[in-house]
Every structure is written in C-alpha cells, then in structure tokens.
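Each remark here refers to the structure printed beneath this line.
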Amino acid sequence: MTWNLPFTSATQTSTETRLRFASDPKLGGGNVLIAATANNPHPDLPFIITDTALIDADGTAKSQFSLAELNELAQAWSVWYLAQGIRPRDRVAIYIKDSFEDVLQFFALSQIGAIPVLINGLMSAELAADLCKRTSVVGLYSDREHAPRLDEYLGEYSVNFRIKVISSEVGAIGNRCLSDDMRYHHGPDDPVLICHSSGTTGIPKAVIWTHRQSIEGIRWLLRASCEGRMSLAPNQNADMVSEGHTGAEPQVLLSAVPQSHSAGMSFVAGPLLFGTPVIALSDISGSNVIKAIGQYRPTEVVAFSATYAEIATLAPDPHCLASVSTWFNTGDSAHARHIEPLVKAGHRYVDGERRPGSTFIDGLGSSELGFAQFLKITTADSLRHDRCVGKRHLFAEPVILREDGTLAEPYEIGFLGVKSPTVTHGYWNDSDSTYRSRLGEYWLSGDMAYRDKDDLYYHMDRAVDVINTPGTPAYSLLMEEILLAQLPEISDCVVIAAPFGDAELPIAIVTPSLESVESRQLLERANNILQSYSQQPLAFLEIIKDPRNIPTGPTGKVLKRVLRKRYENILAVGHEDAASECAYAEPVTLLQRTHTG
C-alpha cells in the first residue's frame with residue numbers, strides 16, 4: 001500500500017525503550033525532546049509536519065522536521081535565550097497566532113530552566129496582559145499581530161521586560177548546540193510550564209505544570225502499552241509495526257488542539273516518546289480538520305469536543321475520514337450525537353484484523369488535572385447518551401464529594417474531586433484560588449458528577465452552570481445530551497439558566513440541522529422529551545442559524561456566563577415581543593412541573 005506522507009513506522013520506539021522511559025526518574029517535561037531524540041531508532045527520518053511554517057536556525061521557512069532537526073532548532077533557541085540573559089525561573093510569555101511554534105518555544109525555554117507562559121493567540125489582549133502581569137513575566141515572544149495590541153494593555157509594566165521578541169524580526173539565529181553544562185537539570189517539582197485555564201467561568205487562571213507531573217499520564221500510557229492494555233494508538237496493527245515491516249501502516253497523529261494549550265504539549269510529548277509522527281494544525285476548525293484528514297490521511301486525531309461538534313455538523317463524506325482508526329478527545333466530554341458520525345467512519349484493528357468503524361477515546365480532563373482521569377472507549381455499537389465518562393485510569397483516585405467534604409453515596413450527585421500524580425501543584429501567584437480548589441486531600445475539578453455501583457462515572461455539569469430551579473437542580477450538560485440524542489432537527493444546542501423571580505429556569509439556544517424548523521413545535525417536543533427523562537422543562541427556546549452567534553472562549557468552549565448575561569431578562573419579555581425564531585413556555589405550567597420534577 002502507498003501512503004501519502006513521508007512517515008514510516010521505523011520511528012516507533014521499542015517496548016524496551018518505552019519501559020525505560022516509563023521508569024526513568026529524571027525524565028520530565030523539561031527534557032522530553034532531548035531524551036526522545038537520543039533514544040529514537042531513526043531520529044533523522046521525517047517526524048513533524050506543521051501547517052504553519054517555522055523559521056529554521058538559518059532563517060529559512062520550514063514545515064517538515066525530523067526529530068534531530070527539531071531538537072537542533074530547539075537547542076539553537078535555548079542558546080539564543082541564554083545569550084539574551086534569560087535564566088532559570090524567569091517567565092517568558094509566548095503570545096502568538098497559535099501554531100507549533102508554541103511547542104517549539106516551550107522546548108527551548110524549559111530545557112534551560114526558564115518557564116514559558118503559553119497564551120492562546122485568540123485570547124483578548126486585555127486578558128493576555130493581565131496574565132503577563134500576574135505571572136511577572138520578564139520577556140515576551142510575540143508577533144506583529146499580537147504585540148501592538150498587548151502593548152496597549154501592558155502599559156508601564158513592559159519596562160520590566162528583559163527581552164521583547166517579534167518572531168518575524170528575529171531572522172537567522174544560527175545553529176548552536178546546547179551543551180550539557182548549559183542545560184538545566186530539573187528536580188521533579190521544578191516548574192516547566194505555565195498554561196492557562198479556558199476562562200469559561202471567569203478570568204483565565206495561571207496553571208503550573210512541573211517537570212515530573214507534566215508527563216505522569218504519558219508515563220502510565222507507556223507502561224500500559226508495553227503490557228498490551230493501551231497505547232497511543234490502541235487499534236493499530238501492532239504485530240506488523242513491532243516487527244518492523246516496511247509495509248506496516250505508520251501511526252500518524254493529527255493534532256488539532258490549540259498548540260498553546262497544555263494538551264498541545266501533552267500530545268507532542270507522548271508521540272515523541274512513542275515515536276509516533278505528528279501533523280500539527282494551527283487552524284483547528286471542523287472544516288480545516290476534515291480537509292487535513294483528507295490531505296494527510298492520519299491514523300489518529302486529537303481534538304477538543306468543540307471541533308468534533310463542528311465536524312459532526314458538517315456531515316463529511318465517511319470516505320474522507322477513512323484513514324482514521326482512533327479519535328482522542330480531551331477537555332470537556334463530547335456529546336454522543338457528535339461522536340456517532342465519527343465512529344461510523346474509519347477503521348480499527350481487532351486481533352490484527354482490520355474492521356470498519358473507528359474508535360473514539362473520550363477523556364474528561366482539564367489543564368489543572370493534567371491528564372484525562374477517566375477512560376471511555378466508544379465504537380459504533382457502544383454509543384451511550386447518559387454522560388458516562390467511563391472508569392478511572394489506574395493512576396487516578398477520583399471521588400464524589402458533598403460540600404462538607406464527606407464522600408457521596410453511589411448515584412448521589414456531588415463535586416468531582418481528584419487525587420492523582422498528574423494534578424497541578426496550583427496557580428502561579430494565587431494561593432487563594434489554589435486552596436479554594438482543594439477539599440481535603442482532593443483537587444476539585446469544578447464539575448458535578450456521580451458514580452454508579454460498578455464504579456462508572458457520569459459527568460452532569462460544570463458546577464457554575466447548574467440551574468437552580470424552584471424544584472430540583474437542572475443539569476445543563478445532561479439536558480443537552482438528551483435533546484441532541486432525541487431531536488434530529490437540531491445539530492447542536494446550549495442550555496443555560498435564566499432568572500425567574502427568586503429562582504432560575506432552563507432555556508435553550510439551538511442550531512438547526514434542517515432548513516425549516518418552527519420554534520413553538522420544537523419547544524413543545526423538547527419539553528415532552530425532557531419530561532419523559534424526568535428532567536426540568538425549558539422556559540424558552542431560540543433557534544439561531546449562525547453558530548458564530550454563540551460566544552466561545554479561545555479554546556472553543558461555549559462561554560455560558562456570557563450567554564447568561566445576554567439572556568438575563570429574556571423571561572421578563574412578553575410573548576408578543578418574541579421573534580419568530582423564539583418560543584416561550586407557559587410560566588404557570590413551568591412552575592408546576594419544576595416543583596414536581
């Protein structure tokens with residue numbers, strides 16, 4: 001078979017090498033590139049393709065790198081930073097249009113002991129400047145688009161900068177080797193990265209990642225792959241690959257997460273140690289990911305749930321997705337409605353035999369949790385619409401807690417707490433938020449969840465998004481899951497709280513999948529469905545034709561707090577004022593049903 005890429009399976013690391021990585025106490029985020037390059041069987045073969053070109057050490061634009069070439073470029077930047085006076089513990093902000101350059105700068109800074117502060121390029125300059133100030137950065141790496149906007153909000157703080165770099169103005173930095181005595185040799189708890197939370201519930205927090213903690217989840221994955229339990233690509237024809245057959249299908253990961261996000265770092269560090277080639281995207285929209293799959297024919301794809309929702313809405317020809325065997329989701333758990341068209345396409349391997357239909361691996365996680373704490377593997381015949389996020393990973397100790405810190409009983413909804421080696425040490429310069437995020441010995445993820453008697457976990461909602469109706473609480477994510485499963489005439493929906501007297505009622509904003517959808521009939525159908533699932537009814541429903549009217553944060557998450565502000569007076573509007581795309585439920589009926597729901 002002929003592949004469309006220059007990659008081969010020869011770069012994949014052996015079982016022996018993976019076990020050595022997994023047990024190496026000195027391996028961590030600060031030296032992962034160096035270690036991966038030194039131990040790869042063929043570091044000179046093509047390994048990374050970036051859709052946005054990087055400037056090589058000689059000043060030329062380049063989009064394809066071997067591990068050795070990437071390592072050389074990162075070392076050249078490390079030496080360049082040292083020459084500019086950057087030292088261990090110095091924070092340097094990276095605020096550019098998201099691309100693999102975020103990851104490159106992470107490698108360059110972390111291996112000299114400096115701490116990159118990766119800021120999503122879609123974050124507003126005002127919030128980015130605030131993050132720079134809170135982390136006391138002494139340097140900035142930016143571009144011509146972002147730097148001027150940031151300057152406006154940094155004000156006098158910029159006098160603290162030791163360096164300010166505009167990427168397009170650097171030019172050739174020269175090939176320079178980072179000698180061992182120039183390298184920083186990290187301790188396990190040394191910080192190597194400051195990333196930021198999504199900001200969906202407020203101001204983005206500065207999340208600390210340390211040397212060992214940053215790859216603890218990957219370390220477990222390496223061990224699991226050697227034991228045949230799980231790997232970076234669990235459905236690959238492993239026998240052919242491990243035996244080094246040149247005709248074996250090479251594992252290729254398409255990374256469609258924001259490269260400035262902690263997930264961008266994780267889904268490069270993992271492939272580095274597994275020897276799995278990577279295609280790194282800057283544009284992570286659903287349409288561009290579909291295009292990239294058709295162009296590059298990857299076997300694995302990693303993205304956030306927002307990207308998968310866009311792909312599902314676009315309904316691509318399954319032939320376009322045929323190369324994919326595994327989809328990885330991280331961050332928010334995806335809705336089953338958006339998973340379904342993905343797992344019906346592609347292929348997977350079962351006992352070495354190629355079969356139709358791919359696998360979707362859903363891992364509920366966050367920047368603070370460091371790695372998905374749960375595992376749910378879905379195929380076309382195992383779809384479920386109940387917000388189940390699966391069983392815990394063996395390294396994780398999740399619990400469901402009441403407000404007083406006591407353990408909830410099975411099926412009792414409470415706060416999700418996690419004790420895990422992957423969890424962040426806290427927020428930079430913010431001990432208040434750090435300690436408020438802990439309850440007893442557990443880190444609070446900010447989610448409401450429950451577990452059943454079989455120790456399966458179910459994600460109900462973000463704690464700040466729970467709707468306090470006059471009756472029982474309503475959980476917006478669960479309501480969305482039900483509506484998406486039962487209403488084929490919508491492709492996506494958002495459920496939020498709207499004030500109603502001293503309480504709140506659920507309202508929905510939906511995107512239609514059909515040309516002609518009538519709001520009154522849709523609201524009635526939706527409420528009948530919700531009632532049949534013992535859920536609270538909607539007080540209001542609006543149909544929007546353009547999904548861009550739904551506000552999202554820099555990582556693509558829906559900003560429900562912004563929507564709540566937008567719709568805070570919607571239930572005070574008279575029915576005669578409602579547009580044709582909107583429908584209201586009868587308040588008296590609503591109150592009766594919410595009290596008895």
Side-chain angles (χ1 to χ4, degrees), residues 10-45 47-48 66-68 70-72 74-75 78 88 103 106-116 177-193 208-234 238 241-242 251 253 262-278 369-372 393-396 420-425:
T11 59
Q12 293 187 5
T13 53
S14 66
T15 297
E16 180 184 1
T17 300
R18 294 179 191 183
L19 282 175
R20 190 165 63 248
F21 283 146
S23 59
D24 183 357
K26 295 183 179 179
L27 179 64
N31 60 6
V32 66
L33 175 59
I34 295 168
T37 306
N39 291 277
N40 191 276
H42 294 282
D44 295 319
L45 290 177
F47 195 85
I48 296 278
S66 68
L67 265 180
L70 180 63
N71 186 35
E72 289 168 2
Q75 287 190 42
S78 295
V103 181
F106 159 75
F107 288 141
L109 287 160
S110 63
Q111 61 194 12
I112 60 172
I115 307 168
C177 179
L178 184 70
S179 60
D180 189 65
D181 64 322
M182 298 167 74
R183 250 178 229 137
Y184 185 81
H185 297 278
H186 295 81
D189 295 334
D190 281 336
V192 295
L193 169 68
I208 302 168
W209 275 35
T210 61
H211 181 62
R212 184 176 178 90
Q213 166 260 332
S214 62
I215 68 160
E216 278 298 275
I218 299 167
R219 196 185 298 274
W220 173 85
L221 207 56
L222 288 161
R223 289 195 189 98
S225 72
C226 297
E227 297 167 4
R229 289 185 285 119
M230 186 177 176
S231 76
L232 193 63
V241 170
S242 63
Q251 296 174 229
L253 176 71
S262 54
M265 192 282 285
S266 289
F267 277 94
V268 171
L272 286 176
L273 299 176
F274 276 87
T276 301
V278 176
L369 295 182
F371 194 86
H393 277 303
L394 293 181
F395 60 79
S420 166
T422 71
V423 169
T424 180
H425 287 212

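The basis for the numbers below is simple: all heavy atoms, side chains too, and nothing from hydrogens, waters or symmetry mates. Please read these numbers as outputs of a predicted model, since none were measured by experiment.
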Measure the shortest side-chain to side-chain distance between Thr11 and Leu67 over non-hydrogen atoms and say whether it is less than 4.5 angstrom.
no
Shortest non-hydrogen contact between Ala10 and Pro41, atoms and distance
O-CG, 3.3 Å
In chain order, what residues pass the side-chain contact (heavy atoms from CB on, under 4.5 Å) check against Asp24, with sequence neighbours excluded?
Lys26, Leu27
side-chain contact (heavy atoms from CB on, under 4.5 Å) involving Glu216 - partner list, sequence neighbours excluded:
Arg212, Arg219, Pro421, Thr422
Between Gln213 and Ile208, the two heavy atoms sitting closest are OE1-O, 3.9 Å
What residues form a side-chain contact (heavy atoms from CB on, under 4.5 Å) with Ser14, not counting sequence neighbours?
Glu16, Thr17
Residues in side chain to side chain donor-acceptor pair (under 3.5 Å) contact with Ser110, at least two apart in sequence or another chain
none
Residue pairs passing the side chain to side chain donor-acceptor pair (under 3.5 Å) test with at least one member in residues 29-42, sequence neighbours excluded, are Arg20-Asn39
What do the steps show when you test Asp190 against Tyr184 for side chain to side chain contact (heavy atoms under 4.5 Å, CB included), and what is the final call?
CA-CA 10 Å; Asp190 281 336; Tyr184 185 81; 3.3 Å; yes
On a heavy-atom basis, which atom in Ala36 and which in Leu273 lie closest, and how many Å separate them?
CB-CD2, 4.1 Å
Between Val192 and Pro116, the two heavy atoms sitting closest are O-CD, 3.2 Å
Please report the shortest heavy-atom distance between Gly275 and Pro277, naming the atom on each side.
O-CD, 3.4 Å
For Ala22, is there any backbone N or O sitting under 3.5 Å from a side-chain donor or acceptor partner on Arg223?
yes
Results of side chain to side chain donor-acceptor pair (under 3.5 Å) for Asp181 - residues two or more places apart only
Ser179
Are the side chains of His211 and His185 in touch, meaning some heavy atoms are under 4.5 Å apart?
no
Check step by step if side chain to side chain contact (heavy atoms under 4.5 Å, CB included) holds for Phe47 and Leu70.
CA-CA 9 Å; Phe47 195 85; Leu70 180 63; 5.9 Å; no
Those residues that, when tested against Ser78, pass side-chain contact (heavy atoms from CB on, under 4.5 Å) (two or more places apart)
Ala108, Gln111, Ile112, Leu178
Say you draw a straight line from CH2 of Trp209 to CD1 of Ile115; how long is it, rounded to the nearest 0.5 Å?
15.0 Å
Run the numbers on Phe274 and Leu221 for side chain to side chain contact (heavy atoms under 4.5 Å, CB included), then give the verdict.
CA-CA 10 Å; Phe274 276 87; Leu221 207 56; 4.2 Å; yes
Tell me, please, which residues at least two apart from Phe395 pass ring pair (Phe, Tyr, Trp, His ring centres under 6.0 Å).
Trp220, Phe371, His393
May I ask you to test the Ile34-Asn71 pair for a side-chain heavy-atom distance under 4.5 Å?
yes
Contact check, side chains of Phe106 and Val268, non-hydrogen atoms, under 4.5 Å
no
Scanning both residues in full, the closest heavy-atom pair of His186 with Gly113 reads NE2-CA, 4.0 Å
